[in-house]
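If you read the sequence from its start, that first residue is 1, and numbering goes on from there.
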Amino acid sequence: MQLKLKSLLCSLGLATTALLASHHVQAEGRLTIYCTVQNALCEDVAKRFSEKYDVQTSFTQMSTGTILGKLKAEKSNPQADVWYGGTIEPHFQAAELGLLEAYRPKNQASILPQFQKLMASDKGNYTSATYMLVLGLGINTEKLKALGLEMPKKWEDLLNPKLAGEVQIPDPRSSGTTYTIMATLISLWGEEKTFDYLKKLDANISQYPKSNLVTSNLVRGEVAESIGFTHAYITEKEKGNPIEYVIPEGKVGYALGGTSIVKNARNLDNAKLFADFVLTKEIQELPWREHHLYQLPSVVGAEVSPLMPNAEKLDFVEYDFDKFGSSEEGKYLINKWVEDVKLGDKLAK
């Protein structure tokens with residue numbers, strides 16, 4: 001009886017080992033990406049990676065906030081291997097929450113000098129700056145002319161009463177853009193003045209949609225102005241739409257787009273290859289060369305389209321990434337925006 005039991009246990013052990021080995025082999029040739037850049041770019045980058053490394057690659061395109069929420073929900077059973085794109089603060093928050101795998105890509109040392117201090121910190125253990133976005137005001141010039149208004153020059157110009165119902169910004173609960181707006185203004189003015197400004201701006205806001213809808217609504221003339229990243233406005237102008245962008249006077253807001261590997265990724269080796277891949281010159285230049293997408297490269301030596309703002313001539317805001325990259329601060333500011341700005345008047349009643 002004991003011999004039979006030992007034989008049975010041995011057989012079960014061998015079967016389990018074979019099953020695990022089989023699962024490992026199946027996983028070796030795969031990569032699943034959560035992607036926060038434009039869908040066409042997600043598809044192209046995934047395809048090029050797949051062809052280069054003979055890896056079966058799939059992606060799901062979602063907003064930054066949505067992906068962070070999914071990573072939290074999937075912590076015990078991750079469904080993706082790598083997170084590509086999206087403003088970098090939520091990546092830092094994900095690392096703080098134990099949702100990311102430590103890895104420094106081979107080309108991380110070639111990231112632009114102004115971000116090397118950030119990359120040299122512990123944050124660079126988990127996330128690499130993959131591109132740069134410049135914050136600005138988007139203008140529908142036809143709509144603005146119909147309103148009899150001149151081009152805005154500074155943040156305060158959006159408070160003009162003639163712009164009532166003519167401005168949109170994204171909802172920060174699903175978008176990293178408005179979190180960057182808040183971080184920029186707080187860095188410039190402090191928290192109290194920033195939220196006073198956002199409350200006043202709310203009087204001119206028609207709605208707070210998702211990021212991609214803000215630019216679409218601006219192009220359709222549903223509003224005259226919006227706040228967002230200049231790359232989207234450059235693309236729409238290039239298409240022939242009556243869109244211009246303005247970078248407000250003073251220090252300039254910006255965002256870094258991040259790439260991170262998901263903790264306990266099923267395809268860790270391929271995720272590392274992908275983190276290396278997106279910092280190569282080819283992929284850094286791919287957005288503007290092939291897709292008319294104008295986020296700025298983050299790597300030294302990658303060429304920049306002449307349509308993009310010249311980053312070397314801009315005086316950028318100095319962010320406290322320890323502060324704005326913390327999950328506690330992110331939750332606090334978004335909740336404060338909901339309570340004080342989005343629901344402010346209703347709660348007061």
Using a 3.5 Å cut-off and no angle test, enumerate the donor-acceptor pairs between side-chain atoms of residues 64-72 and protein atoms at least two apart in sequence or in another chain.
{"from": "Thr66", "atom 1": "OG1", "to": "Ser63", "atom 2": "OG", "distance (Å)": "2.7"}
{"from": "Lys70", "atom 1": "NZ", "to": "Glu74", "atom 2": "OE2", "distance (Å)": "3.0"}

Determine all donor-acceptor pairs shorter than 3.5 Å in which one atom belongs to a side chain in residues 247-254; sequence neighbours excluded.
{"from": "Lys251", "atom 1": "NZ", "to": "Asp315", "atom 2": "OD1", "distance (Å)": "3.1"}
{"from": "Lys251", "atom 1": "NZ", "to": "Asp315", "atom 2": "OD2", "distance (Å)": "3.2"}

Please tabulate, for the side chains in residues 302-311, all donor-acceptor contacts under 3.5 angstrom to protein atoms that are two or more places apart in sequence or on a different chain.
{"from": "Glu303", "atom 1": "OE1", "to": "Arg289", "atom 2": "NH2", "distance (Å)": "3.0"}
{"from": "Ser305", "atom 1": "OG", "to": "Leu307", "atom 2": "N", "distance (Å)": "3.1"}
{"from": "Asn310", "atom 1": "OD1", "to": "Glu312", "atom 2": "N", "distance (Å)": "3.0"}

Side chains of residues 109-117: which donor-acceptor partners sit under 3.5 Å, not counting sequence neighbours?
{"from": "Ser110", "atom 1": "OG", "to": "Asn107", "atom 2": "OD1", "distance (Å)": "2.9"}
{"from": "Gln116", "atom 1": "NE2", "to": "Gln108", "atom 2": "O", "distance (Å)": "3.3"}
{"from": "Gln116", "atom 1": "NE2", "to": "Ala109", "atom 2": "O", "distance (Å)": "3.3"}
{"from": "Gln116", "atom 1": "NE2", "to": "Ile111", "atom 2": "O", "distance (Å)": "2.7"}

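Ser121 contributes a side-chain N or O that, together with a main-chain N or O of Lys123, makes up a donor-acceptor pair within less than 3.5 Å. Under a 3.5 Å cut-off, the side chain of Asn160 and the backbone N or O of Leu163 do not form any donor-acceptor pair. At distances below 3.5 Å, at least one donor-acceptor pair connects side-chain atoms of Glu101 with backbone N or O atoms of Asn264. The backbone N or O of Ala102 lies less than 3.5 Å from no partner atom in the side chain of Asn125, so there is not a single donor-acceptor pair. Remark: the backbone N or O of Gly85 is paired with a side-chain donor or acceptor of Trp83 at under 3.5 angstrom. Not a single donor-acceptor pair under 3.5 Å links the side chain of Ser128 to the backbone N or O of Thr130. A distance-only check finds no donor-acceptor pair linking the side chain of Gln56 to the backbone of Leu31 [under 3.5 Å]. Put simply, the side chain of Asn270 never gets that close to the backbone of Asn267: no donor and acceptor are under 3.5 Å apart. A distance-only check finds no donor-acceptor pair linking the side chain of Asp81 to the backbone of Ile261 [under 3.5 Å].
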Steps toward side chain to side chain donor-acceptor pair (under 3.5 Å) verdict (Trp337, Thr178) = CA-CA 10 Å; Trp337 178 85; Thr178 299; over 6 Å; no
query = Given Glu166 and Glu225, is the side-chain contact (heavy atoms from CB on, under 4.5 Å) satisfied, shown in steps?
reply = CA-CA 6 Å; Glu166 294 290 346; Glu225 302 187 17; over 6 Å; no
query = Please walk me through it: do Ile243 and Thr141 pass side-chain contact (heavy atoms from CB on, under 4.5 Å)?
reply = CA-CA 6 Å; Ile243 302 299; Thr141 54; over 6 Å; no
task = Mind running side-chain contact (heavy atoms from CB on, under 4.5 Å) on Leu296 and Leu133 for me, showing each step along the way?
result = CA-CA 6 Å; Leu296 290 157; Leu133 305 173; over 6 Å; no
Verdict with reasoning, Asn241 to Tyr233, per side chain to side chain donor-acceptor pair (under 3.5 Å) = CA-CA 9 Å; Asn241 292 311; Tyr233 305 133; over 6 Å; no
request  = Would you check, one step at a time, whether the test side chain to side chain donor-acceptor pair (under 3.5 Å) holds for Gln168 with Asn217?
outcome  = CA-CA 9 Å; Gln168 285 186 2; Asn217 294 343; 3.1 Å; yes
message = Applying salt bridge (charged side-chain N to carboxylate O under 4.0 Å, His left out) to Lys200 and Asp196, what does each step give before you reach the verdict?
response = CA-CA 6 Å; Lys200 291 175 181 176; Asp196 182 60; 3.2 Å; yes
Criterion side-chain contact (heavy atoms from CB on, under 4.5 Å) on Glu329 and Tyr179, from CA distance to verdict = CA-CA 11 Å; Glu329 184 70 10; Tyr179 189 78; 4.1 Å; yes
request  = Just do the salt bridge (charged side-chain N to carboxylate O under 4.0 Å, His left out) check on Lys281 and Glu285 with the steps written out, would you?
outcome  = CA-CA 6 Å; Lys281 177 178 167 64; Glu285 296 176 5; 2.4 Å; yes
inquiry  = Working note: His292 + Glu238, criterion side chain to side chain donor-acceptor pair (under 3.5 Å); need CA distance, chi angles, decisive distance, verdict.
reply    = CA-CA 8 Å; His292 303 280; Glu238 191 180 28; 3.0 Å; yes
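Grouping the Ile, Leu, Val, Met, Phe, Trp and Tyr side chains by contacts below 4.5 angstrom, directly or via other members, places Phe229 with Met182. If you chain together hydrophobic residues whose side chains sit under 4.5 Å apart, Val317 and Tyr131 fall into the same group. Both Val219 and Ile227 sit in one connected hydrophobic cluster of ILVMFWY residues. Membership requires side-chain heavy atoms under 4.5 Å apart, directly or through other members. Phe59 and Tyr34 sit in two unconnected hydrophobic clusters of ILVMFWY residues. Membership requires side-chain heavy atoms under 4.5 Å apart, directly or through other members. Under the 4.5 Å side-chain heavy-atom criterion for grouping Ile, Leu, Val, Met, Phe, Trp and Tyr, Leu185 is not connected to Val214 through any hydrophobic cluster.
Of all heavy-atom pairs spanning Leu218 and Asn140, the tightest one is O-ND2, 2.8 Å. Annotation for Ser298 and Leu279: closest pair OG-CD2, 4.1 Å, computed over non-hydrogen atoms.
Atom CG in Asp202 sits 11.0 Å away from atom CG in Asp340 (nearest 0.5 Å). Rounded to the nearest 0.5 Å, atoms OG (Ser226) and CG (Leu213) are 12.0 Å apart. In this structure, CD1 on Ile169 lies 9.5 Å from CG on Leu158, to the nearest 0.5 angstrom. In this structure, CD1 on Ile88 lies 11.5 Å from CE on Met132, to the nearest 0.5 angstrom. With rounding to the nearest 0.5 angstrom, the OG1 atom of Thr280 is 7.5 Å from the NZ atom of Lys52. For the atom pair CG of Leu100 and CD of Gln93, the computed distance is 11.0 Å after rounding to the nearest 0.5 Å.
Shown here is Lys336, whose NZ atom has more than 12 heavy atoms of other residues, nucleotides or ligands within 6.0 Å. Within 6.0 Å of the NZ atom in Lys210, the count of heavy atoms belonging to other residues, nucleotides or ligands does not exceed 12. Residue-environment remark: CG (Asp320) exceeds the threshold of 12 foreign heavy atoms within 6.0 Å.
Residues satisfying the ring-ring contact (aromatic ring centres under 6.0 Å, His included) test with Tyr126, not counting sequence neighbours, are none. Applying the ring-ring contact (aromatic ring centres under 6.0 Å, His included) rule to Tyr84 yields the partners Phe274; only residues at least two apart in sequence or on another chain are considered.
No side-chain donor-acceptor contact under 3.5 Å links Asn335 and Arg173. A side-chain donor from one of Glu96 and Ser327 sits under 3.5 Å from a side-chain acceptor of the other.
Contact check on Glu282 versus Arg48 returns a salt bridge, with a Lys/Arg side-chain nitrogen under 4.0 Å from an Asp/Glu carboxylate oxygen. Ion pairing between Glu236 and Lys239 holds under the 4.0 Å rule for side-chain N and carboxylate O. Electrostatic pairing of Glu222 and Arg220 counts as a salt bridge here, judged by a charged N lying under 4.0 Å from a carboxylate O.
For the pair Lys342 and Tyr208, the cation-pi test (distance below 6.0 Å, angle within 45°) is failed.
Ring geometry for Phe49 versus Tyr53: interplanar angle of 30 to 60°, hence tilted.
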